[in-house]
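Shown next, in structure tokens, is the structure this report addresses.
Computed from a prediction, not measured in an experiment: that's the story for all the values here. In each ligand, atom 1 is the first atom listed, and ligand 1 is the first ligand listed.
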Amino acid sequence: MSRTSTTATTENPPVRRLSDWDAGRLRELADEHGTPLYVQDLERVRENYARMASAFPDADVRYAAKANTSRAVLRTLVAAGAGIECASAGEVERALAAGCPAERVQYTAVNPPGEDLDYAAETASERPELTITVGARDTIDRLEERGFDGRLCLRVNPGVGAGHHEKVQTGADAKFGVPYDRARKTLAEADERGFDVVGIHAHAGSGISGEALDSHRELVSRMGQLARESPVALEFVDVGGGFGVPYRPEEEPLDLESVARATREALGEVEATLAVEPGRYLVADAGVLLTRVNTVKPVADGRVVGIDAGMTHLARPAMYDAHHEMRSLAPDAEDRERVASTVAGPICESGDTFGTHALPIPERGDPLAIGNAGAYGYEMSNQYNSRPRPATVVVDGTNDAVDRRRETIADVTRLERRVPWV
Ligand SMILES: *Cc1c(COP(=O)(O)O)cnc(C)c1O
């Protein structure tokens, strides 16, 4: 069967680069809402979902919410047909609050705190369509103790990993999933104990790319094998997420059609439905972080440029050495010469830098946009250095609205209680 590719049309290009964003509109948003400011384009989220769904036409697409939990993003994806994969009780709460039906919610319990299991078991007693994925026998015991005997999926450690950085490779990490050679026995035991065993799951980590396709293929092939040997009839085989996006302008976008083809081939014949869990792929290039230059320091070989966003707003560069493109939104940016600019945030940490970029000679007050900030951007933000978290704005066609207000300096002390004797 041959299908016409819909991934490379001009209406839905496989990647949106930072240079494709409308600078005037971003500048207006920065002026209206202040900086630092996350901007997420829901139309682009829909496009990314459509491309994924068309590459995997008979697979179940479950959005990994931890990439971006904005209510508007969740609602957009649920309306488009996505299920939601949740990494915690808090994310299950968000998925349900966003209107995702429980049968489309999957909670992946990784060394789950008791509180999360209490919540999941209680939720499942009211909405038995909820699926819980477990990665250890202990978790099965702990669910049973809480009276849960509902839809159970087993996370398997397939012994292969992929990822753009060792911190995001999970497939071969013993933290995640039951060892592959113990999976069949665990499935049979869970079935005997009365759980409704519905699926198997593996996630290799983030960064399926051209080069890492072989380890993806290997993971999927092992999961196909396990599905065929499963002692229990399975509803689905979930091969996780990790679909890469290009962070540098010279990087090619993922060829999703060939990833999908490789996935099908590697899976082989199975009775169960294939499920995938893209996180980053659906939201990364739909988001930018807007910031403003506050300090320009000439140095021998260029400039050190201080901005009002730092590692507390966007942690990926400090945490993973990740590259994020940077673009000046100054109205006359095109007319300025470019200069090597080392961009640094306001946090008292030497790691608080965003790398060196050839920027149009920066001036104090210039708005800047940081690209590909839609995934693991706001989600990893924190209050280190007592810095309030930024606001997030969603845009959709000509509409825009704040969907998370900016924290204020007063919010920084909001949770504090007076200790009576000091
Ligand atoms: C993080 C995660 C994903 C999504 O990973 P991406 O790299 O954002 O696609 C999918 N499944 C599980 C279990 C995850 O933990």
Side-chain angles (χ1 to χ4, degrees), residues 45 48-49 51-53 55-56 59-70 73-74 77 82-92 95 104-112 116 131-136 139 153-158 160-173 175-178 199-209 212-213 215-216 219-220 223 236-247 253-254 256 259-260 263 274-287 315-316 319-320 322 372-380:
V45 173
N48 289 338
Y49 177 80
R51 203 174 325 101
M52 180 64 65
F56 288 94
D60 188 7
V61 179
R62 302 163 177 178
Y63 169 56
K66 75 175 187 290
N68 186 324
T69 61
S70 150
V73 167
L74 296 177
L77 285 168
I84 308 281
E85 189 271 336
C86 302
S88 68
E91 286 186 5
V92 175
R104 304 288 291 135
V105 177
Q106 179 168 336
Y107 163 46
T108 308
V110 177
N111 298 339
D116 283 41
T131 302
I132 304 182
T133 298
V134 297
T139 311
C153 166
L154 186 68
R155 182 166 187 169
V156 178
N157 187 333
V160 284
H164 57 79
H165 186 281
E166 64 177 89
K167 281 193 193 146
V168 295
Q169 298 174 3
T170 59
D173 186 331
K175 171 173 171 181
F176 299 97
V178 301
I200 51 176
H201 168 277
H203 170 66
S206 289
I208 297 171
S209 61
L213 201 51
S215 62
H216 173 70
L219 175 143
V220 176
M223 294 302 281
F236 64 82
V237 181
D238 187 330
V239 298
F243 302 91
V245 301
Y247 280 89
L254 192 64
L256 204 56
V259 175
T263 304
L274 172 69
V276 290
E277 297 174 340
R280 181 188 320 277
Y281 189 88
L282 299 183
V283 292
D285 75 356
R316 298 187 70 259
M319 196 161 163
Y320 304 127
N372 263 328
Y376 306 104
Y378 186 86
E379 293 306 316
M380 289 187 173

Original post:
Relative to the heavy atoms of Gly241, which atoms of ligand 1 are at a distance of less than 4.0 Å?
Top reply: 9 (O), 10 (C)
**OP:** Name the option, out of Glu85, Arg62, Lys66, Gln106, that contains the heavy atom nearest to atom 13 (C) of ligand 1.
**Re:** Glu85
**OP:** List every atom of ligand 1 that sits less than 4.0 Å from any heavy atom of Gly242, numbering the atoms from 1 in the order shown and giving each element.
**Re:** 5 (O), 6 (P), 7 (O), 9 (O)
**OP:** Identify the heavy atoms of Arg51 and Leu256 that sit nearest to each other, and give their distance.
**Re:** O-CD2, 3.8 Å
Original post:
Just distances here: any N/O of Arg280 and N/O of ligand 1 closer than 3.5 Å?
Top reply: yes
**OP:** Would you check whether Tyr376 reaches within less than 4.0 Å of ligand 1, judged by its heavy atoms?
**Re:** yes
Subject >> Side-chain H-bond candidate by donor/acceptor type, His203 with Glu85, under 3.5 Å >> reply: no
Subject >> Gly240 touching ligand 1 at heavy-atom level, < 4.0 angstrom >> reply: no
Original post:
Considering all heavy atoms of both residues, which atom of Tyr247 and which atom of Arg280 are nearest to each other, and what is their separation?
Top reply: OH-NH1, 2.8 Å
Original post:
Under 4.0 Å from any heavy atom of Ala64, which atoms of ligand 1 are there?
Top reply: 3 (C), 4 (C), 10 (C)
Original post:
Can you tell if the side chain of Val110 reaches within under 4.5 Å of the side chain of Arg155, non-hydrogen atoms only?
Top reply: yes
Subject >> Non-hydrogen atoms of Ile208 and Gly241 that approach each other most closely >> reply: CD1-O, 3.6 Å
Original post:
Thr133 and Gln106: side-chain donor and acceptor closer than 3.5 Å?
Top reply: yes
Original post:
Which atoms of ligand 1 are found less than 4.0 Å from any heavy atom of His201?
Top reply: 13 (C)
Subject >> Enumerated ligand 1 atoms positioned under 4.0 Å from heavy atoms of Gly279 >> reply: 4 (C), 6 (P), 8 (O), 9 (O)
Original post:
How far apart are the C-alpha atoms of Asn68 and Tyr63, what are their side-chain angles, what is the distance that settles it, and do they pass the side-chain contact (heavy atoms from CB on, under 4.5 Å) test?
Top reply: CA-CA 10 Å; Asn68 186 324; Tyr63 169 56; 3.3 Å; yes
**OP:** Please identify which atoms of ligand 1 are closer than 4.0 Å to at least one heavy atom of Glu277.
**Re:** 3 (C), 4 (C), 9 (O), 10 (C), 11 (N), 12 (C), 13 (C)
